[in-house]
Amino acid sequence: YHCNGVVDTSRTLAQNLDALLLSCRGSLIDQGGLLRLVIRHVQSASGLALTQDQIVGEMSYQLPGTPTAYNTVLARFLNPSNEYQTDQVQWPDPTVTTYLDDDNGFEHRLELDFPFTASWTSAQAIAQILLKESRVGPLVTLVATDYAPQLQVGDIVTVTHDRPGW
């Protein structure tokens with residue numbers, strides 16, 4: 001990933017950080033008072049399996065679907081081939097209706113500005129990944145016992161639990 005752009009000092013620190021992180025599909029995670037940069041990438045489960053015995057307290061989960069599952073992503077970016085004027089790319093291409101058909105014709109569009117992305121190819125790739133990530137699930141939030149000390153926020157693990165029936 002490349003980060004290209006100018007920080008807008010009229011925006012808040014959080015707004016600028018969010019814009020910077022979008023250029024690399026990153027997140028800042030607070031772990032014990034220290035910030036850790038996590039750049040999302042394709043990965044499989046870590047091999048560690050959590051069961052009800054290792055989960056303490058409440059567990060929440062979010063299944064994919066509306067309003068979190070997009071079928072179109074429109075990304076606006078600064079195009080160096082056009083004197084850094086705003087350009088846009090849509091994924092999937094408007095002629096491809098696979099995701100729209102899967103959602104019974106109901107369009108659920110995500111529109112984003114990529115102020116630190118200066119490549120049509122990068123903007124399209126990030127748009128594609130964001131759409132695909134929005135359609136995968138479930139996303140689980142939980143607190144585990146010290147059985148899993150090597151796990152960090154964002155890790156992918158197998159979870160077995162009676163409540164959701166996994």
Check your understanding: Could you give all pairs that pass the salt bridge (charged side-chain N to carboxylate O under 4.0 Å, His left out) test and reach residues 79-102, with sequence neighbours left out?
Key ->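 For residues 79-102: none.
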
**Study point:** Pair listing, salt bridge (charged side-chain N to carboxylate O under 4.0 Å, His left out) test, anchored in residues 47-59, at least two apart
**Key:**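 Those involving residues 47-59 are Glu58-Arg163.
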
Not counting sequence neighbours, which residues clear side chain to side chain donor-acceptor pair (under 3.5 Å) with [X]? List them please.
X	answer
Arg36	Gln31, Gln152
Tyr61	none
Asn71	Asp103
Gln52	none

Has [X] got a side-chain atom pairing as donor or acceptor with [Y]'s backbone, closer than 3.5 angstrom?
X	Y	answer
Thr97	Leu100	no
Arg109	Val73	no
Gln15	Thr12	yes

Practice item. With sequence neighbours excluded, tell me which residues meet side chain to side chain contact (heavy atoms under 4.5 Å, CB included) with Leu35. Key: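 Counting only residues at least two positions away or on another chain, Leu35 forms a side chain to side chain contact (heavy atoms under 4.5 Å, CB included) with Leu28, Asp30.
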
Exercise for review: Applying side chain to side chain contact (heavy atoms under 4.5 Å, CB included), name anything that partners Ile55, two or more places apart in sequence or on another chain.
Suggested key: Met59, Leu142, Val159, His161

Exercise for review: In sequence, state the C-alpha distance, the side-chain angles, and the governing distance for Asp8 and Asn16, and then conclude on side-chain contact (heavy atoms from CB on, under 4.5 Å).
Suggested key: CA-CA 7 Å; Asp8 183 349; Asn16 280 318; 4.3 Å; yes

Would you give the length of the straight line joining atom [atom1] of [X] to atom [atom2] of [Y], rounded to the nearest 0.5 angstrom?
X	Y	atom1	atom2	result
Leu112	Gln88	CG	CD	12.0 Å
Ser134	His108	OG	NE2	8.5 Å
Leu78	Thr86	CG	OG1	5.5 Å
Ser27	Leu37	OG	CG	8.0 Å

**Study point:** Validation row: Leu110, Thr72 side chains within 4.5 angstrom (heavy atoms)
**Key:**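 Leu110 does not reach Thr72 side chain to side chain.
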
Practice item. Return the set of residues passing salt bridge (Lys or Arg N to Asp or Glu O under 4.0 Å) with Arg76 (not counting sequence neighbours), or none when no residue passes. Key: Glu111, Asp113

Point to revise | Those residues that, when tested against Asp18, pass salt bridge (Lys or Arg N to Asp or Glu O under 4.0 Å) (two or more places apart) | key: none

Revision key, fill the gap. Note: Leu20 and Cys3 closest approach over all heavy atoms is CD2-SG, 3.3 Å

Check your understanding: Would you call the rings of Tyr99 and Trp91 parallel, tilted or perpendicular if under 30° counts as parallel and over 60° as perpendicular?
Key ->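 Aromatic pair Tyr99/Trp91 classed tilted.
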
Review point. Are Leu17 and Tyr1 connected in a single hydrophobic cluster, I mean Ile/Leu/Val/Met/Phe/Trp/Tyr linked by side-chain heavy atoms less than 4.5 Å apart?
Key: yes

Check your understanding: Does one hydrophobic cluster hold both Leu13 and Leu21, with members joined at side-chain heavy-atom distances below 4.5 Å?
Key ->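 Linked, Leu13 and Leu21 end up in one cluster.
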
**Study point:** ring pair (Phe, Tyr, Trp, His ring centres under 6.0 Å) partners for Tyr84, two or more places apart
**Key:** none

Using a 3.5 Å cut-off and no angle test, enumerate the donor-acceptor pairs between side-chain atoms of residues 114-132 and protein atoms at least two apart in sequence or in another chain.
unit_1, atom_1, unit_2, atom_2, d
Ser119, OG, Thr121, N, 3.3
Ser119, OG, Ser122, N, 3.1

